[in-house]
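In each ligand, atom 1 is the first atom listed, and ligand 1 is the first ligand listed.
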Amino acid sequence: MHVLIVYAHPERRSLNGALNDFMVQHLRRAGHVVEVSDLYAMGWKPALDGADRLDRDPQARFDPALDSRAAYQGGTQSADIALEQDKLRRADALILQFPLWWFSMPAILKGWVERVFANGFGYGVGEHSDQRWGDRYGEGNLAGKRAMLVVTAGGWESHYGPRGINGPIEDLLFPIQHGVLFYPGFEVMPPHVVYRTSRMDADKFAATTEALGRRLDTLWSAGPLPFRRQNGGDYAIPALTLREEIAPGERGYAVHLARGA
Ligand code: FAD
């Protein structure tokens, strides 16, 4: 299999750097092809702007979505964007690896998503009508591929538990797992989160890599998060609300998971 790891940490001699090295070695030893997009090392430009469309009239009003679509369809995207899209096409699985910063991904990684998941590639795919709201949430250009988050957090696991002060980790990661990954079609594996990073030592690092190795070994065999597919019949179209008879009276992120499915 072919794995793309998009890695967002400014320092290779960090815990994330060590975990990245471990993942690359572990996956290669298992026979997989691994590519790493080390965003800081690449000098990745995080800001989506008019320079992303090479044939843009500089006098014209810049429209982030429409210019993205024109550039994608016309083959006039900035080369760095097109290269990352090619890596995604080659990949059977995508791993986004990052330290939790302000309860989300580092800005450089958000900028990778904003620019690489272009209009026509990551969104704006498929028929949009009263009957159908595009190929998204389980369908789209990245369907058939798997994705997983590998995240480190300074906070304790209990801080991110069901009643933890930071909010449940699955809620914090929902916009990334459901919004960024399931939306363009990925099957999303449960995240691998390393908590309380300041307490890392040789023993904990060994236990951490052992656990992470097991997750990598089951990347293709374990079940993904059972997010409900937009076009699978659970949602009323065009309102895009969950049908009343499904999880009646319930609300919040968890209703979008088909528990017991
Ligand atoms: P490092 O700082 O590089 O290392 C952590 C520890 O692991 C160190 O003690 C180091 O010595 C040790 N270590 C490194 N490599 C090895 C190795 N090979 N073997 C054994 N030990 C090793 N945390 C939250 O929980 N929620 C937040 O919202 C949040 N926001 C943040 C925002 C910012 C801007 C910053 C800077 C931090 C934030 N944090 C937050 C904390 C952050 O998530 C952690 O600092 C980060 O995940 C640690 O990862 P690292 O790779 O930077 O670790």
Looking at [X], which atoms of ligand 1 are within less than 4.0 Å of one of its heavy atoms?
X: P99; answer: 46 (C), 47 (O)
X: G155; answer: 24 (C), 25 (O)
X: G154; answer: 23 (N), 24 (C), 25 (O), 41 (C), 42 (C), 43 (O), 44 (C)

Heavy-atom distances under 4.0 Å are what count here, so tell me which part of [X] touches ligand 1: side chain, backbone, both or neither.
X: H9; answer: side chain
X: V194; answer: neither
X: A18; answer: side chain

Please work out which of [options] has its closest non-hydrogen atom nearest to [atom].
atom: atom 45 (O) of ligand 1; options: T208, T197, T209, D21; value: T197
atom: atom 24 (C) of ligand 1; options: F98, F103, Y160; value: Y160
atom: atom 47 (O) of ligand 1; options: N20, T152, L100, N16; value: T152
atom: atom 31 (C) of ligand 1; options: W101, F205, F22; value: W101

Donor-acceptor pair, side chain of D92 and main chain of H2, under 3.5 angstrom:
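At least one qualifying donor-acceptor pair exists.
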
Taking the side chain from D55 and the backbone from Q77, do they hold a donor-acceptor pair closer than 3.5 Å?
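Flag not set: sc D55 to bb Q77 has no pair under 3.5 Å.
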
Quick one: [atom1] on [X] to [atom2] on [Y], what's the gap to the nearest 0.5 Å?
X: L216; Y: Q25; atom1: CG; atom2: CD; answer: 12.0 Å
X: M23; Y: I5; atom1: CE; atom2: CD1; answer: 4.5 Å
X: R69; Y: Y123; atom1: CZ; atom2: OH; answer: 8.5 Å
X: Q85; Y: F121; atom1: CD; atom2: CZ; answer: 5.0 Å

Output all residues satisfying side-chain contact (heavy atoms from CB on, under 4.5 Å) with D234, sequence neighbours left out; order by chain, then residue number.
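Partners of D234 under the side-chain contact (heavy atoms from CB on, under 4.5 Å) test: R228, L242, I246.
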
So do the side chains of P226 and R259 get within less than 4.5 Å of each other, counting heavy atoms only?
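With C-beta onward as the side chain, the pair touches.
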
Do R163 and P168 have side-chain heavy atoms sitting under 4.5 Å apart?
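No - every pair of side-chain heavy atoms lies 4.5 Å or more apart.
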
Identify the protein heavy atom lying closest to [atom], giving its residue, its atom name and the separation to 0.1 Å.
atom: atom 15 (N) of ligand 1; result: L15 CA, 3.6 Å
atom: atom 30 (N) of ligand 1; result: W102 N, 2.8 Å
atom: atom 13 (N) of ligand 1; result: M200 CG, 4.0 Å

Any N or O of D201 closer than 3.5 Å to N or O of ligand 1
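Not met; the criterion fails.
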
Please report the closest heavy-atom contact between H26 and G213, naming both atoms and the distance.
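Looking at all heavy atoms of both residues, the shortest contact is NE2-O, 3.4 Å.
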
Contact check, Y195 vs ligand 1, heavy-atom distance below 4.0 Å:
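So Y195 does not count as touching ligand 1.
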
Return all side-chain donor-acceptor pairs below 3.5 angstrom for residues 150-161, not counting sequence neighbours, or 'none' if the list is empty.
unit_1 : atom_1 : unit_2 : atom_2 : d
T152   : OG1    : N16    : ND2    : 2.9
H159   : ND1    : W156   : N      : 3.1
Y160   : OH     : N166   : ND2    : 3.3

Determine whether any protein heavy atom is located less than 4.0 Å from atom 26 (N) of ligand 1.
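Protein heavy atoms within 4.0 Å of atom 26 (N) of ligand 1 - there is at least one.
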
Right, does atom 10 (C) of ligand 1 have protein non-hydrogen atoms nearer than 4.0 Å?
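Protein heavy atoms within 4.0 Å of atom 10 (C) of ligand 1 - there are none.
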
